[in-house]
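Numbered from 1 within each chain, the chains take letters A, B, ... in sequence-line order.
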Amino acid sequence: MSLLLASLPIIVILAAMLGLRWGASRAGAAGYLTALLVASLAFGATPQTLAYAHIRALMLSLDVLYIIWTAFLLYRVADEAGAIARIGQALPRLTADRGMQALLIGWVFASFLQGAGGFGVPVAVTAPLLVGLGFSPLSAVVIPSIGHGWAVTFGSLGSSFAALMAATGLEADALAPAAALFLGLSALVTGPLVAHAADGWSGVRRLFAPALTIGLTMGLVQYGVAAGLGLWNVGAFSGGLAGLLVSIWLAKRRQNAPAARPKDASLWIAFSAYGLLIFLTALILLVPPVKSFLGGPALQFFIPETITRAGYRTAAGLTKRIRLFSHAGAILLYASLLAYWVYRRAGWYRPGAAGRILRTTLKKVITSSLSILAMVGMAVVMQQNGMTDALAQGIAGRVGGAYPLIAPWIGALGAFMTGSNTNSNVVFAALQMRTAELLGYAVPVILAAQTAAAAVASVAAPTKVVVGASTAGMAGKEGDVLRALMRYTLLQIAFIMLLTALAVWM
Amino acid sequence: MFKTRLRRQALAFGLILFASAALYPAANSAAHWPTLALLFLIALAQGLILLTG
């Protein structure tokens, strides 16, 4: 009975999104209110346990929202200047090989866009480009959907990974290596899948070598940056950028084209927003005097030990520390302001650009902000009042030794239902962590399975499919897109299940 | 219609942030009523989103 009650908030969210087709913010509100009721009536929550749960949830939410808001702001600053469009238009001119075009635009450029922005942008930008190159609308949606999934966790300038850390209380150096390894290996298999989607098995045979080279480059760079240097906020972005450089070189080499420099500086200016981001990230996080100067002012609270009426204890501790001026969100803000100045000096903005940037940013992020507040609130209320523990005990008892095979599918289910790697991490990461602890499995490996599977599955979420289909003129035919996409997505999740099994049992 | 929805969302967002922050001093005090009142405010804001989207 306690297992059913403990799982009720999650069931409510999934039923609301899948059955009633509610958005994440509305379904999140339903899940949160359910958690509040169940915790109070069935798990002995007190005003104190609920209050401290909300304070912890607030800090975890702000940690993620700081990135989401400013990441989208940076994307809008570049997009309003036409920078994204300029980069996209330059790429098809590099090669006439359609398979290579699919790899370049539908995989590498889509991954770069996911790293830099996310929020449905990869498919929305690349699908029309592929249609313009002569790909069928179905292929134009499916190719970039498959192509950018591996970059989701460390993409959006780290917001999904930040949610993973927030939900589990674990630091980046504990989580990043396993997650980056799983996702890097996923990048390796993504290239051949994209080649297959573009040109069947002949495409796979013809493009296997460049796909392997590009996948290896992107996976290794993401791993090096996120796990090696600890710069997880630019992990997928750096991987995507390295992939762009390597694939441009490969495309020219295959065409035997002389290395051409851009006729004007416009492509360099277009990239300046992201160049500034890389520079500022390295400056603020890797140069000790700058890091310590900006890292001083921080927000953090002490939470005392709490006990529910049912006797469930949560130990005393500190909330997540938010360093106001060296946080990933702060770096994004500095990059946005500087990039705005650069594009304005270059004369790339139409009048009223600043107002449009701020308005569209607000409109876009407010809904996802509400869903984050609701789902994080729900998850922490569940944790603080013993509901997550009850759920973990129930799953551990029923599934036992097979849990490593189940863990990726839980993450994938969460992302498929909520449309988001971030939301899946918020809802399921704490549960996955607790279950792994109870069963004695390595927590970073199970959490890597959670986030990697959620990343690749999020692209097939109905909400994402609807957005992608509409940009390629396939509105009303989302079922066709989902059917075409599903076999690739299931293959990718099965691959992650295999990686999890190898990591746990070898 | 769209502007109204945006304002509702912004109001709910602001209420949740304010009430959650105010819970810290409230939780540390001996009386329960400030905590319950703030929790009720958060639930109300979430209820607004639940009912109106």
Side-chain angles (χ1 to χ4, degrees), chain A residues 12 16 20-37 39-40 45-62 65 69 299-304 306 319 359 362-378 380-381, chain B:
Chain A
V12 163
L20 301 174
R21 300 191 189 286
W22 285 3
S25 58
R26 207 171 168 200
Y32 163 81
L33 290 168
T34 306
L36 205 59
L37 267 172
S40 304
T46 65
Q48 203 190 37
T49 63
L50 291 174
Y52 286 121
H54 281 79
I55 295 158
R56 281 183 56 218
L58 175 66
M59 293 303 289
L60 296 174
S61 299
L62 288 176
L65 291 176
W69 281 73
L299 210 55
Q300 191 173 40
F301 297 101
F302 173 73
I303 306 290
T306 59
T319 63
R359 267 194 313 274
L362 176 68
K363 273 189 235 171
K364 180 74 180 181
V365 299
I366 190 79
T367 307
S368 52
S369 300
L370 283 166
S371 68
I372 293 281
L373 282 176
M375 292 194 187
V376 173
M378 178 199 80
V380 182
V381 163
Chain B
M1 177 78 175
F2 186 79
K3 270 193 175 176
T4 306
R5 181 172 182 248
L6 186 60
R7 283 180 190 150
R8 273 201 308 271
Q9 288 178 327
L11 173 68
F13 183 73
L15 268 175
I16 294 168
L17 283 192
F18 164 75
S20 299
L23 274 169
Y24 193 68
N28 287 329
S29 75
H32 282 321
W33 72 262
T35 300
L36 290 171
L38 290 166
L39 287 171
F40 179 73
L41 204 56
I42 294 170
L44 206 63
Q46 293 286 7
L48 176 67
I49 297 301
L50 176 67
L51 292 173
T52 61

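- Counting heavy atoms from C-beta on, the side chains of B:Leu48 and B:Leu15 never come closer than 4.5 Å.
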A:Gln48/B:Thr35 under side chain to side chain donor-acceptor pair (under 3.5 Å): CA gap, chis, key distance, verdict: CA-CA 8 Å; A:Gln48 203 190 37; B:Thr35 300; over 6 Å; no
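- By the 4.5 Å heavy-atom criterion applied to side chains, A:Leu58 and A:Leu62 are counted as neighbours.
- Contacts of B:Leu36 with chain A are made by side-chain atoms alone, with heavy-atom separations under 4.5 Å and no backbone atom involved.
- Proximity to chain B is absent for every atom of A:Ser61, based on heavy atoms less than 4.5 angstrom apart.
- Using cut-offs of 30° and 60° for the angle between ring planes, the A:Phe301 and B:Tyr24 rings count as tilted.
- Using a 4.5 Å cut-off between heavy atoms, B:Ala21 touches chain A through backbone and side chain atoms alike.
- Counting heavy atoms from C-beta on, the side chains of A:Leu373 and B:Leu17 come closer than 4.5 Å.
- If you measure heavy-atom distances from A:Leu37 to chain B, you find no contacts under 4.5 Å at all.
- At a 4.5 Å heavy-atom cutoff, the contact between B:Ile49 and chain A is made by backbone and side-chain atoms alike.
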